[in-house]
Amino acid sequence: MLHSVKSCEPQTGGFCFENSRRNAVLESSLSEFGYQAPNARKTGTTIAGIVYKDGVILGADTRATDDMVVADKNCMKIHYIAPKIYCCGAGVAADAEITTQIMASNVELHMLNTGRPPLVTMVTRQLKQMLFRYQGHIGSSLIVGGVDVTGAHLYSVYPHGSYDKLPFVTMGSGAAAAVSVFEDRFKPNMELEKAKQLVRDAIAAGIFCDLGSGSNVDLCVITEAGVEYLRSYDKPTMKGKREGQYRYEPGTTAVLTKTVTPLSLDVVNESVHIMDTE
Amino acid sequence: MGRLQTHPVVNSAQEVMDAIEESGHDEKLDREMAWTNAINFEEYLQEWMCLACSHSSKPSKESRRDGIKMNTRGLRSQLKDSVPVAGLCPQGAYGVQDTLRSGFTSVKNELLPSHPLELSERNFQPNQDKMNFSTLRNIQGLHAPMKLQMEYRAARQIQRLPFLQSSNLALDILRGNDESVGFEDILNDPAQSEMMGEPHMMVEYKLGLL
């Protein structure tokens with residue numbers, strides 16, 4: 001028999017905060033014994049994007065970490081939102097994944113409703129409104145880039161809901177390493193190959209200089225004509241081949257003396273056991 | 001008798017004619033403008049509902065609850081709304097505090113929300129509605145939000161029985177929720193909840209008999 005009045009009210013969907021008190025009590029009492037609550041898996045990422053002559057190039061590394069352990073060596077951090085809008089996600093892996101999926105659904109519904117292809121500003125606005133509503137508890141920082149009727153645009157959105165519109169952006173734990181490469185070599189209206197090389201170098205800087213990023217470089221080139229998703233564009237951390245043989249040839253060390261001592265062994269006991277093999 | 005009856009008719013006609021001649025349309029217009037500006041349309045709606053509508057299935061108890069929700073502003077008033085009926089009917093089976101779910105009983109536990117987002121999430125839809133209505137009122141005038149709120153109330157009455165989950169299609173369309181996907185559609189879908197409410201209790205609660 002349910003006695004409380006609350007259960008008679010109609011239920012609504014969405015987040016349920018029933019267990020948050022219990023979790024807080026458990027965490028505080030368990031930490032006295034040295035146990036820790038399980039942490040959410042973060043991506044510990046380097047993601048970057050630039051605007052070049054014909055469009056936008058997004059780049060990301062492919063490592064997902066679970067505190068100090070690599071949870072996924074080759075995860076995909078560049079997510080689809082619309083035919084010509086893609087989004088890189090950093091921060092908590094699940095949050096970034098679910099946020100981009102919700103965004104993709106909303107953009108599709110909006111496109112069906114209005115009958116027009118989506119604008120990158122629309123995606124950014126919906127993202128920042130949703131992230132602000134949850135006051136940063138959804139820990140995902142995103143780089144949204146794409147081409148629409150007004151041109152090529154690149155936005156970065158932070159977990160609390162602020163955003164920046166810039167010609168080049170980096171996010172994640174390796175952002176400092178990547179942005180240093182951009183600050184040095186970025187020029188507006190670069191050519192495609194140079195731009196791809198620049199993004200690859202920025203992500204590689206994050207891979208080598210940041211512990212949370214690693215494995216391969218993924219690129220996504222978005223232009224008016226279409227999208228080119230280059231998965232594993234570069235593998236800077238591939239194990240190299242050894243230059244030479246390091247084994248010594250037999251006969252490298254000269255033999256000076258040789259003594260042979262045979263060990264005599266006598267048969268002490270001999271018994272035969274028959275096994276039942278049926 | 002006949003004379004007594006005709007007197008008021010003649011007098012009122014005379015008054016109307018005098019009123020039209022004397023005041024003209026400006027004063028009346030001024031009075032109406034003043035009324036429109038000073039009105040609190042939520043209260044006006046409540047009055048109108050009680051006075052002019054036929055008996056709805058939800059008596060005044062429900063409308064009072066709505067009134068409290070609509071006037072939430074600031075944490076204190078939100079807290080007032082969120083104080084549960086603790087002590088008298090604690091949650092959980094057999095009327096005992098559910099320690100596993102809600103933790104130990106304490107005054108702080110009962111007064112404060114368990115998560116910083118709990119209050120803002122619970123009040124999100126009403127706050128959005130309030131904001132939209134007040135913007136609409138400023139742009140289009142008083143009639144627009146009043147008409148919309150009438151439609152909301154009509155749509156809210158088309159439901160299944162209380163313990164069954166209704167799809168709320170009309171309400172969703174009015175709010176514009178049919179064109180977007182959010183966490184309330186993905187997580188904790190009430191249509192798929194494992195517990196069903198007690199039918200008798202829920203109907204009694206809805207009728208205000210509880």
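Quantities reported herein were computed from a predicted structural model and do not represent experimental measurements.
You'll find the side chain of A/Phe17 stays beyond 4.5 Å of the side chain of B/Leu119, heavy atoms only. Using a 4.5 Å heavy-atom threshold, the side chains of A/Phe15 and B/Leu117 count as separate.
Going from atom CG of A/Asn113 over to atom CD of B/Glu179 covers 4.0 Å, rounded to the nearest 0.5 Å. With rounding to the nearest 0.5 angstrom, the SG atom of A/Cys16 is 8.5 Å from the CD atom of B/Glu118. From A/Ser105, atom OG reaches atom CD1 of B/Ile186 across 7.0 Å, with rounding to the nearest 0.5 Å. The CD1 atom of A/Ile138 sits 3.5 Å away from atom CZ of B/Phe183, with the distance rounded to the nearest 0.5 Å. The OG atom of B/Ser120 lies 6.5 Å from the CD atom of A/Gln135; values are rounded to the nearest 0.5 Å. For the atom pair CD (B/Gln128) and CZ (A/Arg133), the distance works out to 7.5 Å, reported to the nearest 0.5 Å.
Environment of NZ in B/Lys147: sparse, with no more than 12 heavy atoms of neighbouring residues, nucleotides or ligands closer than 6.0 Å. In this structure, A/Arg231 places its CZ atom where more than 12 heavy-atom neighbours from other residues, nucleotides or ligands lie under 6.0 Å away. Atom CG of A/Leu211 is surrounded by 12 or fewer heavy atoms from other residues, nucleotides or ligands within 6.0 Å. Heavy-atom contacts from other residues, nucleotides or ligands closer than 6.0 Å to CZ of A/Phe132 number 12 or fewer.
Only the side chain of A/Ile98 has a heavy atom closer than 4.5 Å to any heavy atom of chain B. If you measure heavy-atom distances from A/Met130 to chain B, the contacts under 4.5 Å come from the side chain alone.
Looking only at distances, a side-chain donor or acceptor of A/Asn106 sits under 3.5 Å from a matching main-chain atom of B/Val181.
Between B/His115 and A/His137, the two ring planes are tilted [angle within 30° to 60°].
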